Number of protein chains: 2
Amino acid sequence: MENGHAKNRVAVIGSGNWGSVASRLIASNTAKLPSFHDEVRMWVFEEILPTGKKLSESINQANENCKYLPGIKLGANVIADPDLENAVKDANMLVFVTPHQFVEGICKKLVGKLRPGTEAISLIKGMEIAVEKFSEATIGYKKNKEVAAQWAKLFTTPYFLVSVVEDIEGVELCGTLKNVVAIAAGLVDGLDMGNNTKAAIMRIGLREMRAFSKLLSPTVRDNTFFESCGVADLITTCLGGRNRRVAEAFARNGGKRSFDELEAEMLHGQKLQGVSTAKEVYEVLTYRGWQELFPLLSTVHEICIGQLPPTSIVEYSEHTPNLSIISGSNAYY
Amino acid sequence: MENGHAKNRVAVIGSGNWGSVASRLIASNTAKLPSFHDEVRMWVFEEILPTGKKLSESINQANENCKYLPGIKLGANVIADPDLENAVKDANMLVFVTPHQFVEGICKKLVGKLRPGTEAISLIKGMEIAVEKFSEATIGYKKNKEVAAQWAKLFTTPYFLVSVVEDIEGVELCGTLKNVVAIAAGLVDGLDMGNNTKAAIMRIGLREMRAFSKLLSPTVRDNTFFESCGVADLITTCLGGRNRRVAEAFARNGGKRSFDELEAEMLHGQKLQGVSTAKEVYEVLTYRGWQELFPLLSTVHEICIGQLPPTSIVEYSEHTPNLSIISGSNAYY
């Protein structure tokens with residue numbers, strides 16, 4: 001991160017829908033903020049469009065990503081670049097917005113190619129940027145608050161509030177675990193159990209997210225769950241996300257059609273994170289002997305694999321967990 | 001509260017819809033729990049039904065409140081009693097489920113009529129008991145955890161989880177303030193701004209609820225806002241409650257029809273708590289000079305009285321509050 005009068009330079013790694021939205025938002029800020037170079041390099045995973053034109057060229061000619069964000073100008077200071085090394089060589093702030101399975105490969109290619117002191121941020125989990133609608137996000141950081149403040153500056157707009165918390169693990173875990181709770185919420189929707197029940201499930205889900213995160217990583221802070229990455233993203237995901245939607249369909253079919261089948265049919269190639277996350281969480285719970293402590297997280301997985309019926313999502317009375325040890329609350333059930 | 005082998009006796013003060021639901025739930029537990037007398041006395045504010053029969057007699061004959069909870073048996077151990085003094089004279093646990101404006105008058109009548117050591121609980125704010133659907137609630141208590149545990153026992157069922165927190169003020173303030181946030185959520189709905197925006201507003205609302213409660217009453221605990229009275233009730237109210245519904249209509253009408261007018265038209269005599277609470281909160285904020293710290297709570301009131309347009313609910317960029325002092329988060333806006 002630059003100090004004094006040297007200016008920060010930003011490169012965005014990724015140019016899908018979110019990558020394009022992020023580049024546009026960032027470019028509108030770098031054009032205004034004196035501590036940033038105007039130009040934002042956006043690395044494009046090159047594709048040949050049906051017209052025969054290259055995606056990167058098309059973006060630079062039209063100042064628009066006609067494939068992933070059609071109809072919206074990115075800003076003249078966004079430059080699409082299909083050459084990863086070239087895209088990052090002058091940058092000292094990298095923004096990752098690729099599908100998560102590509103991150104490792106990209107990072108390996110970047111080894112030795114970056115300027116010293118370069119900082120990176122991941123928008124991969126949990127970040128949803130609504131176009132010109134009031135929204136918010138949380139940035140997790142480690143130790144250096146100055147750096148975090150620069151990142152916050154880069155993303156903040158009048159309609160997009162950004163806050164920072166010194167808790168990278170907490171922010172990441174919120175982004176991952178919320179998808180498991182969204183499956184629970186979707187099951188409740190599919191069972192037509194109403195808002196009281198759904199709210200109760202979301203609340204219990206938030207509590208288990210918090211307790212699980214703190215057991216897994218003792219530096220995780222309670223406060224992170226009050227930030228937008230916690231309660232707000234959980235609400236958004238449980239109201240409208242795709243995990244919720246497919247889980248609703250799963251419950252309406254009485255669990256007779258598998259998540260894989262419904263995913264293929266409903267999401268047209270997009271992937272459901274909640275089901276695989278529930279499986280990973282379940283493995284941790286089983287391995288560490290914590291299953292009893294997390295009835296909601298466990299039950300979601302057992303429902304996903306057909307071991308329990310969808311209705312089990314509201315049948316915790318048998319489980320009698322006692323999370324008070326972890327969360328400080330006193331539950332009588 | 002009884003110790004040793006003496007059994008607790010419960011009287012429910014109120015027999016409207018919620019009073020009847022609560023009596024039914026409590027009676028199903030007292031019939032099973034050895035530490036309680038089976039009988040639950042339900043005080044009925046006497047009415048003469050169109051048939052000419054007294055409401056209390058009708059309840060006792062049919063074991064059903066044909067006016068406020070028709071079609072549902074209350075349980076043979078619920079006894080309706082129109083005589084307040086008689087209804088409470090043997091009880092040592094009183095459950096208040098009347099409209100809040102009647103509480104003071106009732107309490108005055110009870111002075112000197114109660115057994116020593118009698119405990120009371122209020123279900124007036126924030127408690128919503130869904131019939132046979134999975135739901136939950138929080139009980140706030142002061143000091144005596146044994147008493148709190150008895151109350152939790154009395155209400156808990158397999159589909160109704162009850163937790164207790166040593167924070168009466170926090171639980172009460174959650175129950176009151178959530179209605180103000182629900183108005184903000186309803187405005188967002190009426191402006192068709194989508195789930196991201198709504199979730200952000202709910203999250204900011206929860207943060208202001210917490211910060212306001214802690215400033216007002218320093219004993220209030222953060223954890224209370226993770227309980228069902230906090231985040232879960234907030235979600236329920238912001239998804240389905242009447243404050244939300246009327247505020248949505250208010251925004252759809254561009255603020256041109258007043259809350260009073262819409263309330264009269266839409267709620268058929270039921271009252272909107274959010275508008276009057278927003279006014280009371282605003283008075284406190286103004287008096288103590290805290291207005292700048294609570295842009296959401298302030299803005300709701302200013303929109304309600306027509307001083308700001310409904311769209312102001314998402315225009316905080318000018319306000320730049322810094323709640324980090326109170327909540328420990330770092331907000332860059």
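These figures come from a predicted structure and were not determined experimentally. Note on naming: letters A, B, ... go to the chains in the order of the sequence lines (proteins, then strands), and numbering restarts at 1 for each one.
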I need the A:Arg210 CZ to B:Asn223 CG distance, nearest 0.5 Å. 5.0 Å
Which portion of A:Asp192 sits near chain B, non-hydrogen atoms under 4.5 angstrom: backbone
Under 30°, 30 to 60°, or over 60°: which ring-plane class applies to A:Phe226 and B:Phe225, parallel, tilted or perpendicular? perpendicular
Qualifying residue, where the test is side-chain contact (heavy atoms from CB on, under 4.5 Å) with B:Phe134 and the options are A:Ile204, A:Ile313, A:Asn196: A:Ile204
Which atoms of A:Leu239 approach chain B - backbone, side chain, both or neither, heavy atom under 4.5 Å: both
Are A:Arg207 and B:Glu227 within salt-bridge range, i.e. N to O under 4.0 Å? no
Taking every heavy atom of A:Ala199 against every heavy atom of B:Ala232, the minimum-distance pair comes out as CB-O, 3.2 Å
Taking the side chain as every heavy atom from C-beta outward, state whether B:Leu206 and A:Val231 have any atom pair closer than 4.5 Å. yes
Value for CZ (A:Arg203) from CG (B:Leu234), rounded to nearest 0.5 Å, stands at 13.0 Å
